2 protein chains.
Amino acid sequence: MINKLTLIGVGLIGGSFALALREAGLVREVVGVGRSAENLSAALGMYVIDAYAEAAQAVQGADVVLLAVPVGQMGAMMSAIAPYLAPNTIVTDVGSTKQDVVALARANLSQHLTHFVPGHPIAGAEQSGVKAARGDLFRERNVVLTPLPETNPAAKELIAQLWQSCGAKVSEMAPALHDEVFAAVSHLPHLLAFGLVDYIAAQPNAEALFGFAASGFRDFTRIAGSSPEMWRDICLANRDALLQQLAGYEAELARIKQLIERGDSAALAQLFVAARDARQKHLKH
Amino acid sequence: MINKLTLIGVGLIGGSFALALREAGLVREVVGVGRSAENLSAALGMYVIDAYAEAAQAVQGADVVLLAVPVGQMGAMMSAIAPYLAPNTIVTDVGSTKQDVVALARANLSQHLTHFVPGHPIAGAEQSGVKAARGDLFRERNVVLTPLPETNPAAKELIAQLWQSCGAKVSEMAPALHDEVFAAVSHLPHLLAFGLVDYIAAQPNAEALFGFAASGFRDFTRIAGSSPEMWRDICLANRDALLQQLAGYEAELARIKQLIERGDSAALAQLFVAARDARQKHLKH
């Protein structure tokens, strides 16, 4: 049970976290911080938050502060709250990249690193805003924590328990490994999907091309409907790991291209079979 | 109303075509040709076909022959039926690539080109076999016909009407344009999805990587669950157009890579916005 939770950023992720903890009866008071009065009013109306305030005020006396703003605003927010944090207030975040958040924390929360627990819930980014928040958003989803060497084990444990109370599967990774893993299975596919749509859209007969696209194309490019600003930030924040994965994928495409050029039917079939089998083995649908 | 329809290949596509025409009351007798006795029995049980026979016998007296076998078997089938076709029997096909089918027809149906109508229904290839067949498979789907200069307009019109009776939107293209269009919006995305799964599966920590893949990754790679044999055949049959699209896409990736390397936040955001907007404009979901 925590007495006071402060949400810095009251959107889909922060709002769903608060709703899930409320439903579990684990939080008494939730205070929100945000830039949009309309969104904060909606959050009040949904009982996601009990009140809202400026960041400096909102964090005072909080047991847990959840930073759920775009990575581009994270450093400024950390700097704004740092002077007002009580020593035992635990700060955590939900950023999609972790090495950059850790670097920002080292720069802006240097007096508070024992109580900083970097985190990343892997949950739907197709929608945004508090109106899309729901208490079951994290059920059966992965949450990755990337604690620092300085992080207090009890602080980490509390954050892990809160996410577990939301129904999430919590695991732990070093920040660099986290960024490698998500460069491969999230950031790279987003880049490839944005790239394909941009490539098709730039062709002179784009309208006809899209007109003949079937359900496979729609599935493949669905993630190109995600927030451009968020994905720009992620691509730049995780630049090194993403460029490495992109280079690996380009080498894979070059290899496939050679197989097609050579007409190597057997090797091409083998590659497609391996891919289909790997997908069937590891992914449910 | 056609008196006799012959399905060469009684699977998802051929079976659904027959069911749709039956439901529309447009066909009297359907005769199937296939290699699997079990599949042909299932087709009889489902009233997809009324009888089955060897190809040479099955096409005799047919008004329409639908070639619905993998492109790899198409030439042999054309050659097998050619001597037994009545002059007024219309032959059509459902192959995913059209220049190669046209070349096979020129080689194997040279006496029958006036009555050959190449076609491509754009409908789900996730499932296969007659058991997946259903009369509404083509409703609201595109069917592209790629008639030859020799094709009799009345023959083309009949095939167009039959597909329209199945609920499909019928359009017409030159075979080369068809292959270009589908290289871009179908064959390339399949290649990219197979390639991504193969690339991830080859990494030492593949199991962990797949374990953290979220719904976006599953959507993106869904088409990598498609038939490896079919997609190998398509990639090789449409090699030139596919390699051209692949080269164009590689150039797009190289451009995106430069933006990330340079940290060009504005251009990256612009590209992502353009892609998201194009997708929203042209695709429904």
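When reading the values below, keep in mind they use all heavy atoms of this one structure, side chains included, and skip hydrogens, waters and symmetry mates. If you're wondering where the values come from, they're calculated on a predicted model, not measured in any experiment.
- Contacts with chain B were tallied for L242(A), D240(A), L209(A); L209(A) has the most, counting heavy-atom pairs under 4.5 Å.
- The parts of L192(A) that come within reach of chain B are both its backbone and its side chain, each placing non-hydrogen atoms under 4.5 angstrom from that chain.
- If you measure heavy-atom distances from L253(A) to chain B, the contacts under 4.5 Å come from both the backbone and the side chain.
- For I260(A), the parts lying under 4.5 angstrom from a heavy atom of chain B are both the backbone and the side chain.
- Around atom CZ of R35(B), no more than 12 heavy atoms belonging to other residues, nucleotides or ligands sit under 6.0 Å away.
- Rounded to the nearest 0.5 angstrom, D277(A) CG and D198(B) CG are separated by 11.0 Å.
- Heavy atoms only, all atoms of each residue included: A213(B) and L283(A) are closest at CB-CD2, 4.2 Å.
- With respect to chain A, the highest number of heavy-atom pairs below 4.5 Å among K257(B), Q280(B), E252(B) belongs to E252(B).
- Between chain A and the options L191(B), D233(B), V185(B), the largest number of non-hydrogen pairs under 4.5 Å is found for V185(B).
- Of the residues F212(B), F210(B), F217(B), the one that meets the ring-ring contact (aromatic ring centres under 6.0 Å, His included) test with H282(A) is F210(B).
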- Kindly indicate, with the supporting measurements, whether the criterion side chain to side chain contact (heavy atoms under 4.5 Å, CB included) is fulfilled by E261(A) and R239(B). CA-CA 7 Å; E261(A) 280 168 349; R239(B) 172 157 65 175; 5.6 Å; no
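- A pairwise comparison of heavy atoms in G216(A) and I223(B) identifies CA-CG2, 3.5 Å as the closest pair.
- In terms of heavy-atom pairs under 4.5 Å with chain A, the best-connected choice from A202(B), A275(B), A206(B) is A275(B).
- Crowding of Q244(B) atom CD: a count of heavy atoms from other residues, nucleotides or ligands under 6.0 Å not exceeding 12.
- Of the listed residues Q203(A), H190(A), E250(A), E229(A), the one with more heavy-atom pairs under 4.5 angstrom with chain B than any other is E250(A).
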- Message: side chain to side chain contact (heavy atoms under 4.5 Å, CB included) for R276(A) and W231(B)? Distances and angles first, verdict last.
- Response: CA-CA 11 Å; R276(A) 183 198 56 183; W231(B) 284 97; over 6 Å; no
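- With a 6.0 Å radius and a threshold of 12 heavy atoms from other residues, nucleotides or ligands, K169(A) has its NZ atom above the threshold.
- Ring orientation note: the planes of Y199(A) and Y249(B) are nearly perpendicular, at an angle over 60° on the 30°/60° scale.
- Across A193(B), A184(B), A274(B), S265(B), the residue that shares the most heavy-atom pairs under 4.5 angstrom with chain A is S265(B).
- In terms of heavy-atom proximity, A201(A) sits nearest to A278(B) at CB-CB, 3.7 Å.
- Between chain B and the options I200(A), L271(A), V144(A), heavy-atom pairs under 4.5 Å are most frequent for L271(A).
- For residues 68-78 of chain A, heavy-atom neighbours of chain B at less than 4.5 Å comprise no residues at all.
- At a 4.5 Å heavy-atom cutoff, S186(A) makes no contact with chain B through either its backbone or its side chain.
- Most heavy-atom pairs under 4.5 Å with chain B, from the set N205(A), V273(A), T221(A): that is T221(A).
- Within the 4.5 angstrom heavy-atom criterion, only side-chain atoms of L246(A), from C-beta onward, approach chain B.
- For P189(B) against F220(A), the heavy-atom pair with the smallest separation is O-CE1, 3.5 Å.
- Ring pair F194(A)/F272(B) is parallel by interplanar angle, where below 30° counts as parallel and above 60° as perpendicular.
- Annotation for R279(B) and G225(A): closest pair CD-N, 4.2 Å, computed over non-hydrogen atoms.
- For chain B, the nearby parts of E207(A) are the backbone and the side chain; heavy atoms of each come within less than 4.5 Å.
- The two residues G195(A) and I256(B) make their nearest non-hydrogen contact at CA-CD1, 3.7 Å.
- Between chain A and the residues Q270(B), Q245(B), K281(B), E180(B), the most heavy-atom pairs under 4.5 angstrom are made by Q245(B).
- Interface remark: of the candidates L196(B), L259(B), L188(B), L196(B) forms the most heavy-atom pairs closer than 4.5 Å to chain A.
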